[in-house]
There are 2 protein chains.
Amino acid sequence: MKSKKQSLVNNSNKGKVTEKNSYHHGDLYRVLLDAGEQELNERGVEKFSMRGVAKRANVSHAAPAHYFSNNKGLLTALATAGFTLFLEMQLQYEKKRAKSDMHPLVAAGLGYIEFANTHSGMFRLMFASDQPDWEDVALKEASCKSYEHLIELVHGESIQPESLNELQIQDVISAWAIVHGMSHLYISGQLEPLSCMKKKDYEAYMANIISRVLPAK
Amino acid sequence: MKSKKQSLVNNSNKGKVTEKNSYHHGDLYRVLLDAGEQELNERGVEKFSMRGVAKRANVSHAAPAHYFSNNKGLLTALATAGFTLFLEMQLQYEKKRAKSDMHPLVAAGLGYIEFANTHSGMFRLMFASDQPDWEDVALKEASCKSYEHLIELVHGESIQPESLNELQIQDVISAWAIVHGMSHLYISGQLEPLSCMKKKDYEAYMANIISRVLPAK
DNA sequence: ACCCAATCTTTACACTGACAAGATAAACGA
DNA sequence: TCGTTTATCTTGTCAGTGTAAAGATTGGGT
């Protein structure tokens, strides 16, 4: 039942896990986050339910309240964890294609889209939802890291986000928008015609599109 | 209170409007759609409430059920009406800029983004929601019209959507994605740096970005 | 004048988020 | 070792939601 896939949160307190079935769960925070992600991807942001998450975690409906003050709190934590995973997937794509002649920005873009595809509920939570508390510091930090990484990809590591001029920002927005747009179109089924393509062809096709907006250099 | 702005639906049955305060409302379908749009833009898709719409229309909470079998039904109708408005706004932008040297596709793109901005709730319903019934014929037809118009803009009126080859589809996706991406980034506050621009400069800026993906020709 | 059907309201139920109060067990000090 | 404290989880409750069923009101047709 419980798929023991990669957890959303760093498995920090591995020493004191008292393992289920006891009144005191021991590791509920992490379990709730995992259950939350499951709920998110299976039912979507719109039908996301606190009680549903509790049920998945085999815990009473009010248990999550101790860790997340309310619905918003849980979704904020989920979005935060999501941004970390999001960045990781991009880095992974960059690394894997480092030896090819593919521009790192394009590789990251493919990772971006792949994340949206495999975590569509999470993606919509992160980029098309009013639910999370966008003033939350942890969430802000996580999302900013993604943004800073994007800037690195477009303009090199040396540059500071604040010191970008308007034209440089234009390059950033262009790259972001086209990848972000394709992600949204993809997960809403608007790119169905491409679904019959082989992965290799599909990636080349997408890479072509992304390349159109690369900075003139 | 009730802003008598442009209605979402063609004012068809104008003869038999029995005007409020009677038990039989007379024009409830239209009123519910308008109230629904209001609810959508004020509270967003995620907090959209059937009872809230009924309250706005000064009607019992179960009244909408007679016109829309359920929540999904109302949101489907709203999305359908939204696509009509969506296309209208693009056409309007094209017409207004027909005499300038701006590419019609770019003009439509500006309209696209403007629609997202002024109808963000509706936009998310139309492009980032599982709520509407995407198999509904009226909705399908309305959204397809938008898609066909996009193809016209990219490849001229003569061409049929089905007869596009892969490269031509690539042009379509590119244009769509960058405009769609900017729309999403815009309404989620990710393009804040541009908010201080004057409208003219802002449009030129956005037009520049869109132009990057125009078909090579 | 009557009945019918369309339209709207009332009532009811299951589900949800949120809160308060109670139950359980782990941790801690004697 | 034992009792107390505290963190953790459960149960119970309430208002609000979507939906279905049954009742009330009205207009139109005969």
Side-chain angles (χ1 to χ4, degrees), chain A residues 12-13 15-36 38-40 42-78 121 125 129-133, chain B residues 12-13 15-36 39-40 42-78 125 129-133:
Chain A
S12 48
N13 52 350
K16 47 167 72 175
V17 177
T18 44
E19 273 317 325
K20 329 290 150 82
N21 285 340
S22 66
Y23 196 100
H24 284 28
H25 193 291
D27 200 18
L28 191 53
Y29 182 86
R30 194 181 65 79
V31 171
L32 285 175
L33 272 189
D34 286 347
Q38 209 178 325
E39 173 92 355
L40 212 46
E42 284 184 18
R43 311 223 312 152
V45 202
E46 299 167 319
K47 294 191 176 174
F48 181 92
S49 141
M50 200 91 170
R51 285 168 116 107
V53 174
K55 207 166 281 178
R56 284 176 199 271
N58 274 317
V59 104
S60 86
H61 67 261
H66 193 264
Y67 296 93
F68 311 97
S69 57
N70 52 19
N71 199 8
K72 203 183 209 39
L74 174 50
L75 288 173
T76 302
L78 279 170
L125 174 71
S129 174
D130 297 327
Q131 296 287 348
D133 175 13
Chain B
S12 47
N13 52 353
K16 47 166 75 172
V17 176
T18 46
E19 275 316 326
K20 328 295 152 79
N21 286 340
S22 67
Y23 196 101
H24 284 27
H25 193 291
D27 198 19
L28 191 52
Y29 183 86
R30 195 181 66 76
V31 172
L32 284 175
L33 271 189
D34 285 347
E39 173 93 354
L40 211 46
E42 284 184 19
R43 312 220 316 151
V45 202
E46 298 167 321
K47 294 192 177 175
F48 181 92
S49 143
M50 199 90 169
R51 285 168 115 108
V53 174
K55 207 165 282 178
R56 284 176 199 271
N58 275 317
V59 103
S60 87
H61 68 262
H66 193 265
Y67 297 93
F68 312 97
S69 57
N70 50 21
N71 198 8
K72 201 182 208 46
L74 175 49
L75 289 173
T76 302
L78 279 171
L125 174 71
S129 175
D130 298 326
Q131 297 286 350
D133 175 14

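Keep in mind the model is a prediction, meaning the values are calculated, not measured.
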Q) Atom OH of Tyr67(A) and atom P of dA7(D): how far apart are they, to the nearest Å? A) 12 Å
Q) Could you give the NZ-to-P distance, from Lys47(B) to dG18(D), as a whole number of Å? A) 14 Å
(Q) Please report the distance, rounded to the nearest Å, between CZ in Phe68(A) and P in dC19(C). (A) 16 Å
Q | All side chain to side chain contact (heavy atoms under 4.5 Å, CB included) counterparts of Ala63(A), not counting sequence neighbours | A | Leu28(A), Val59(A), Ser60(A)
Q | Nucleotide nearest Val59(B) (side chain, heavy atoms from C-beta), chosen from dC9(D), dG18(D), dC8(C) | A | dC8(C)
Q: Round to a whole Å and report the spacing from CZ of Arg30(A) to C1' of dT8(D).
A: 18 Å
Q: Sequence neighbours left out, what passes salt bridge (Lys or Arg N to Asp or Glu O under 4.0 Å) with Asp133(B)? Give chain and number order.
A: none
(Q) Output one letter per nucleotide in nucleotides 11-17 of chain D: B when a protein non-hydrogen atom lies under 4.0 Å from the base, S when only the sugar-phosphate is that close, - when neither is. (A) BBB---B
Q: Sequence neighbours left out, what passes ring-ring contact (aromatic ring centres under 6.0 Å, His included) with Phe48(B)? Give chain and number order.
A: none
Q: Send over the distance from Asn71(B) CG to dT16(C) C1', rounded to a whole Å.
A: 14 Å
Q) Could you give the CG-to-P distance, from Leu74(A) to dA18(C), as a whole number of Å? A) 10 Å
Q: Look at Tyr29(A) and dT8(D) and indicate whether a side-chain polar atom (N or O) is within less than 4.0 Å of OP1 or OP2.
A: no
Q.
Restricting to side chain to side chain contact (heavy atoms under 4.5 Å, CB included), what partner residues turn up for Lys55(B), sequence neighbours left out?
A. none
Q. Considering residues at least two apart in sequence or located in another chain, which fulfil the side chain to side chain contact (heavy atoms under 4.5 Å, CB included) criterion with Arg51(B)?
A. Ser49(B), His61(B)
(Q) Check Glu46(B) with Lys47(A), please: is the shortest side-chain N to carboxylate O separation under 4.0 Å? (A) no
Q. Quick one: His66(B) NE2 to dT25(D) C1', roughly how many Å, whole number?
A. 13 Å
Q) Rounded to the Å, how far apart are Leu32(B) CG and dT7(C) P? A) 13 Å
